[in-house]
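Worksheet for the structure shown next.
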Amino acid sequence: MKVFKFGGASVSTVDRIKNVGSILKKYEGEQLLIIVSAMGKTTNALEKVVDAFHANQKEEALRLFKNIKEQHLLIYSALLTEDTGSQFTIEHSLSDFFTEIEWLLHDKPVRSYDYYYDQVVCIGEMLSSSILSTYLNSINIKNSWVDVRDVIRTDNNFRDAKIDWEVTARKTEEIIRPLFIENNLVLSQGFIGATDENESTTLGREGSDYTAAVFANLLSAENLSIWKDVHGVMNADPKLYPGAQWIKELNYKEVIEMAYYGAQVIHPKTIKPLQNKSIPLYVRSFLNPDEEGTCIHNKNIPYLPPIIVYKHNQVMVQLTSKDFSFVSEGLTAEVYKIFESLKFGLNLTQNAAISLLCVVDSHPEKVEAFALKASEAFDVSVTKDLLLLTVRHYSKEVVERLTADYKVLLQQQTPETIQIVLSTNS
Ligand code: ASP
Ligand code: MG
């Protein structure tokens with residue numbers, strides 16, 4: 001059995017959904033678990049619905065949701081005009097999903113933003129997977145559709161829910177595995193799950209890759225393919241770095257490092273479930289499905305080009321002890337505790353005798369909350385609009401070229417990786 005994950009871009013239009021159909025035709029006879037994301041930018045659009053709803057702007061929330069509904073119905077009807085049999089089933093299930101959200105939007109928000117976020121946003125994946133499933137059945141690619149919320153059990157940490165592996169493993173055996181007796185194709189959603197009280201949860205933005213990896217692990221799949229709109233993994237973002245090259249193979253460790261430093265390759269949590277069972281991951285282009293893509297596996301790769309990752313919108317917070325006392329381990333631990341309590345990730349830190357530098361993403365409210373708390377013990381200064389450049393397998397020439405137009409504010413390196421904080425306004 002193999003697992004395929006189709007991302008939002010691969011199901012964003014009628015033609016692209018048809019394209020998924022033609023890719024799957026090539027795998028006839030093979031057992032595939034297919035995990036899909038919401039279509040195109042649906043998740044972003046649904047986030048706006050939640051914002052409006054939670055700001056008590058009911059009419060605006062309903063209006064925004066109506067747009068999403070119409071877009072989906074348009075795609076659905078374009079795909080299924082000739083197939084009346086399928087039309088009935090899908091209309092039926094789609095309208096259930098629509099009604100579920102519309103009812104919710106008619107209420108007044110009484111629970112947390114994150115709770116409503118998950119109840120609303122999860123519908124993007126329900127819609128895309130239902131439409132794709134019905135379309136595939138209509139062109140005779142028979143598949144079973146599963147509501148992944150019956151399988152992926154999570155805690156109730158809404159928007160960043162943690163999977164309960166034990167329950168999820170059991171449900172996978174009870175619900176997913178038997179479906180393969182009936183059809184070679186089983187189709188479900190990425191990114192979402194549910195608590196033991198049947199409340200929907202989400203696993204963090206771009207979390208569908210992770211869902212696919214979880215299932216690849218639980219089903220001991222032969223491999224996982226993530227179908228994207230790129231040729232595979234590149235050594236840099238081609239939009240930012242015109243000389244970007246395609247990489248044929250990488251190992252898990254390299255990819256986990258790349259994702260950690262901010263490369264938009266795949267969701268950072270994706271690798272662990274695969275690595276734990278040595279399941280190869282292919283990153284492949286749905287636009288050029290015959291290309292091999294990038295293979296990510298356990299083996300060592302002797303040579304890799306410099307891998308370049310940019311993180312924009314960085315903020316550097318400098319903490320200096322007020323009375324010239326040393327920034328001891330105790331004080332450093334306090335600083336980390338503040339970050340943890342704010343759920344605020346650190347991208348880079350550097351210690352000095354009486355000061356500590358912290359580089360973080362630009363979340364204005366979190367930066368402010370952090371600065372306020374830290375100012376009890378430190379003088380705090382904040383520098384905004386910075387760029388964090390990370391280069392793995394770097395050479396002096398590459399680093400010089402990449403930093404030529406900037407002012408270097410901070411630099412850290414190991415033999416493998418160099419990280420440089422750059423000021424963009426020089
Ligand atoms: N639809 C979700 C998102 O846009 C999950 C995903 O695409 O992986 O974040
Ligand atoms: Mg996506």
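Here the structure is a predicted model, which is why all the values come from computation and not from measurement. Every number for a ligand or one of its atoms is a count from 1 in the order of the listing.
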Would you say ligand 1 has an N or O under 3.5 Å from any N or O of D209?
-> no
Min heavy-atom dist E125 to ligand 1 below 4.0 Å = yes
Measure up the F344 and F339 rings against each other and bin them: parallel (under 30°), tilted (30 to 60°), perpendicular (over 60°).
-> tilted
Per-atom contacts of ligand 1 with F191, taking only distances under 4.0 Å to non-hydrogen atoms | 2 (C), 5 (C)
Candidate list N235, T417, T414, test side-chain hydrogen bond (donor to acceptor under 3.5 Å, both in side chains), partner R392, passing option = T417
Provide the number and element of each atom of ligand 1 under 4.0 Å from a heavy atom of R205.
-> 3 (C), 4 (O), 9 (O)
Aromatic rings Y116 and H54: how do their planes relate, parallel, tilted or perpendicular, breaks at 30° and 60°?
-> tilted
Measure S208 to ligand 1 on non-hydrogen atoms and call it side chain, backbone, both or neither using the 4.0 Å cut-off.
-> both
Residue pair Q189 / I35, side-chain heavy-atom distance below 4.5 Å | no
Any idea which atoms of ligand 1 are less than 4.0 Å away from a heavy-atom of T43?
-> 1 (N), 2 (C), 3 (C), 4 (O)
Judged by non-hydrogen atoms, does G207 sit under 4.0 Å from ligand 1?
-> yes
Can you check whether F180 reaches L33 side chain to side chain, under 4.5 Å on heavy atoms?
-> yes
How are the rings of Y210 and H267 set to each other: parallel, tilted or perpendicular (split at 30° and 60°)?
-> parallel
